[in-house]
Every structure is written in C-alpha cells, then in structure tokens.
Amino acid sequence: MAHSDSDPPLLNHYGTLLCHSTQWDEPQTRVTMEECQLPLIDLCDLGSDDEMVRRACAAAICKASSEWGFFQVVNHGISSQLVDKMRCEQVKLFRAPFETKATSGLLNNSYRWGSPRATCPNQFSWSEAFHVPLTKVSDEACYGDFKSLREVMTCFAAAMSELSRLLAGILTENLGNWKQASISNICDETTCFLRLNHYPACPISPEIFGLVPHTDSDFLTILCQDQVGGLQLMKDSKWVTVKPNKDALIVNIGDLFQAWSNDVYKSVEHKGIQRTSSRRCQKNRVQGWPSQVST
C-alpha cells in the first residue's frame, strides 16, 4: 500500500525497532477471538416515571462496571448528526499533511503518533492522535485553518462531558454518601480531555497493534467507536473482541476510578487490533486528580 503524505512515518519507526530489537515475537498471535456483546444499557430508563425502572438502570451500570469494567449505552443524548459531523471534521483533520499536524501547533500542540518509548515491536502502536484538554477545545488559536472543526468539537466535547458527569454521578452514588462530595471536582473541565484517534491502514499485518495492551490511567472513558472494529478486552483471563454497535457509546472504568472505589469497579486491560481499513474514533476522558484517589 502506498504511503500517504498525511500518515506519520510509522513504517520507518517500526522497521527501526525490528532492526534493533532482540525480541522477535510477532506483535500479535493470530488466533480466533471470541466475539462478545458488552452489557447494553438504555439510558432512557433513567428518565422513567417508574422509580423501579430508574433504579434498575443505575444498578445495571454499576454491575457492568464491577463485572466487566466496560459497558455500552444507547439513547445517551448525543445525536447521530453531531457524531457524524465530528467524524467528518476528524477525517479532514487527519488527512492534513503530516508536517502540518506535527509542527503547526494544532489543538494545543497535542499531536502524537506511534510509541516514542517503544523498545521492541510488541510495544508499538500503529496510530496517531490528538489529546486535547477540554479547557482548550474552544480556543480559536488551537485550530489554525480548521475553522469548522472548532464549533463541532466544542459541541461534541460539551455533550460528552455532560454524559460523563451523569455516569460518574450514578457510579459514585452507588459507593455511598462519603464519595458524592468529590464528584464535581473529578468531572471539572480542567481534569478532562478529548482524544481524537486515527488508525492508518497498516501494510505489514492486519493483526498489528493499533493500540498496545493497557489499562486507562484515568477516571472514566467514553468511546465513540466506528464500525470497523478492533477493540479487544480481557474477560475471564482471555481476550475477547467487542462487536461494534453503531448506536452505542462504549464506557470503561480507568485505574483512578478502580482505586477511588476501593476496587468496587474494575479497570480492565484492553487493546486495539489494526485492520486493513483506516479507523477513527473519539474518546472523552475524565481524568481525576491523584489527590482524589482513595486507597
């Protein structure tokens, strides 16, 4: 596959790792993965006139966070039109020349690609991303020539933040009154990020890591996934593939929330497997300050 001038020099970096690494294992063992359907929760039930229905919905969110560390939500209040607009603007952003993305200071100079700290192929992520603090999302100076991105990204970040506060509130309420007082600080705009991810098509292998195995270090992540798929998570000591759902957003618990909940909720290892088609997705991360973590 021909290299696009919009793609970062992933192949060169990966090739350098291959040449200098003493670890010659394939980056991903090709085995058939069991496909799973994450717990699906209809957030419409939170607005039901029936208190039992509301409680059941909240209980399902807490149960999934404890047993899976992941769940998906529908009727979440973020319109498909807004998601489509965000995806369209994101495509235009990642199609910009690599030099523009890397050197023009776009989105608070937050552009990153590959895995700069990787010392062997197994540590390499075939991806690029912008990791933007919410406090900078509305800053006109961040957008350069991408003027139309600002309005859409501002609306998208606000909608995702509102959903984050709703879910975090439910999860903390389940822990008891002693936790509720801190939730407004945890979901403060200054502790949140919007991450835009792109996984360029890989000419080496369809099974290379788009994102290496990891747990999220943050508090809570909401993921808007495309339909190409590739997300895998650890469930019952084995990797399972998450089946994409075009109407759902994926929510997962981060390390800080696991610690803050005294292990009531689980931060689960997951990874992204690269495919032959490019993939783009948006994440909204709620990042709690370390001082708010209970041990």
**Asked** Please walk me through it: do Ile273 and Tyr199 pass side-chain contact (heavy atoms from CB on, under 4.5 Å)?
**Response** CA-CA 9 Å; Ile273 298 301; Tyr199 304 92; over 6 Å; no

**Message:** Under the rule for salt bridge (charged side-chain N to carboxylate O under 4.0 Å, His left out), what residues qualify as partners of Lys101, not counting sequence neighbours?
**Reply:** Glu128

**Request:** Answer yes if the ring centres of Phe209 and Trp126 are under 6.0 angstrom apart, and no otherwise.
**Result:** no

**Request:** List the steps and the verdict of side-chain contact (heavy atoms from CB on, under 4.5 Å) for Leu107 and Tyr143.
**Result:** CA-CA 6 Å; Leu107 298 180; Tyr143 290 89; 3.5 Å; yes

**Request:** Would you mind listing the cluster partners of Val53? Hydrophobic ones only (ILVMFWY), side-chain contacts under 4.5 Å, chaining allowed.
**Result:** none

**Prompt:** Residues two or more places apart in sequence or in another chain: which of them pass side chain to side chain contact (heavy atoms under 4.5 Å, CB included) with Lys85?
**Reply:** Val152

**Request:** For residues Leu194 and Phe156, determine if any side-chain heavy atom of one lies less than 4.5 Å from a side-chain heavy atom of the other.
**Result:** yes

**Item:** Minimum heavy-atom distance between Leu93 and Phe146, given as atom pair plus value
**Value:** CA-CE2, 3.8 Å

**Fill in**
residues 103-127 vs salt bridge (Lys or Arg N to Asp or Glu O under 4.0 Å), sequence neighbours excluded, gives none

**Prompt:** Within the distance-only criterion (no hydrogens, no angle test), does the side chain of Thr100 pair as donor or acceptor with the backbone N or O of Ala96 below 3.5 angstrom?
**Reply:** no

**Prompt:** Distance-only, no hydrogens or angles: does the Ser267 side chain make a donor-acceptor pair with backbone N or O of Gln258 under 3.5 Å?
**Reply:** no

**Prompt:** Could you give the distance from NE2 (His76) to CD1 (Ile41), rounded to the nearest 0.5 Å?
**Reply:** 12.5 Å

**Prompt:** At their closest point, which heavy atom of Cys224 faces which heavy atom of Val83, and how far apart are they?
**Reply:** SG-CG1, 3.5 Å

**Item:** side chain to side chain donor-acceptor pair (under 3.5 Å) contacts in which one or both residues fall within residues 44-63, not counting sequence neighbours
**Value:** Glu51-Arg55

**Message:** What I'd like to find out is whether the side chain of Val264 reaches to under 4.5 Å of the side chain of Leu175, using heavy atoms alone.
**Reply:** yes

**Prompt:** Heavy atoms, side chains only, cut-off 4.5 Å: are Leu43 and Leu163 in contact?
**Reply:** yes

**Message:** Side chains of His270 and Asp216: any donor to acceptor distance under 3.5 Å?
**Reply:** yes

**Fill in**
Separation between CD (Glu34) and SG (Cys36), nearest 0.5 Å, reads 7.5 Å

**Asked** Which one of Pro200, Ser127, Pro8 satisfies the side-chain contact (heavy atoms from CB on, under 4.5 Å) criterion with Trp113?
**Response** Pro8

**Item:** Interatomic spacing from CG in Leu211 to OG in Ser125 - rounded to 0.5 Å
**Value:** 4.5 Å

**Item:** Side-chain touch Trp68/Asn252, heavy atoms, less than 4.5 angstrom
**Value:** no

**Inter-residue atom distance Leu196.CG - Met153.CE, 0.5 Å rounding** = 4.5 Å

**Prompt:** Under 4.5 Å between any side-chain heavy atoms of Leu223 and Leu231, yes or no?
**Reply:** yes

**Message:** Is a donor from one side chain sitting under 3.5 angstrom from an acceptor on the other, for Gln232 and Thr241?
**Reply:** yes

**Item:** Contact list for residues 136-163, test salt bridge (Lys or Arg N to Asp or Glu O under 4.0 Å), sequence neighbours left out
**Value:** none

**Prompt:** Which pair of non-hydrogen atoms, one from Gly144 and one from Leu106, has the smallest distance, and what is that distance?
**Reply:** N-CD2, 4.3 Å

**Message:** Any side-chain to backbone donor/acceptor pair from Tyr265 onto Gly254? Under 3.5 Å, distance only.
**Reply:** no

**Prompt:** Is the NZ or CZ atom of Lys271 both under 6.0 Å from the centre of the six-membered ring of Trp239 and within 45° of that ring's axis?
**Reply:** yes

**Side chain to side chain, Thr215 and Ile253, heavy atoms closer than 4.5 Å** = no

**Request:** Output all residues satisfying side chain to side chain donor-acceptor pair (under 3.5 Å) with Asp42, sequence neighbours left out; order by chain, then residue number.
**Result:** Asn75

**Request:** Would you confirm whether the ring centroid of Phe130 sits within less than 6.0 angstrom of the ring centroid of His198?
**Result:** no

**Considering all heavy atoms, the nearest Ala58-Leu46 contact** = N-CD2, 4.2 Å

**Item:** For Ser65, all residues meeting side chain to side chain donor-acceptor pair (under 3.5 Å), sequence neighbours excluded
**Value:** none

**Item:** Nearest non-hydrogen partners of Cys202 and Ile208, listed with the distance
**Value:** SG-CG2, 3.5 Å

**Request:** Kindly write out the residues that satisfy side chain to side chain donor-acceptor pair (under 3.5 Å) with Ser110, not counting sequence neighbours, or none if the list is empty.
**Result:** none

**Message:** Could you check whether any side-chain N or O of Ser115 sits under 3.5 Å from a backbone N or O of Gln123, counting only pairs where one atom can act as donor and the other as acceptor?
**Reply:** yes

**Message:** Quick one, Val251 and Phe70 - any side-chain contact, counting heavy atoms below 4.5 Å?
**Reply:** no

**Complete:** One should read off an interatomic distance between Thr221 OG1 and Leu249 CG, to the nearest 0.5 angstrom, of 12.5 Å

**Complete:** With sequence neighbours left out, the residues meeting side chain to side chain contact (heavy atoms under 4.5 Å, CB included) with Asp247 are Val74, Asn245

**Asked** Please, which pairs that meet salt bridge (Lys or Arg N to Asp or Glu O under 4.0 Å) have at least one residue in residues 74-84, sequence neighbours excluded?
**Response** none

**Derivation and outcome, side-chain contact (heavy atoms from CB on, under 4.5 Å), residues Thr191 and Phe219** = CA-CA 10 Å; Thr191 67; Phe219 195 79; over 6 Å; no

**Asked** Excluding sequence neighbours, so at least two apart, what forms side chain to side chain donor-acceptor pair (under 3.5 Å) with Lys243?
**Response** none

**Item:** Atom pair CG (Leu171) and SG (Cys62), whose distance is rounded to the nearest 0.5 Å
**Value:** 5.0 Å

**Asked** When you look at Leu134 and Ser161, which way does the side-chain contact (heavy atoms from CB on, under 4.5 Å) test go after all the steps?
**Response** CA-CA 9 Å; Leu134 285 197; Ser161 295; 2.9 Å; yes

**Message:** Is any side-chain heavy atom of Phe71 closer than 4.5 Å to one of Ile61?
**Reply:** yes

**Asked** What's the shortest heavy-atom distance between Arg195 and Ala129, and which atoms?
**Response** NH2-CB, 3.6 Å

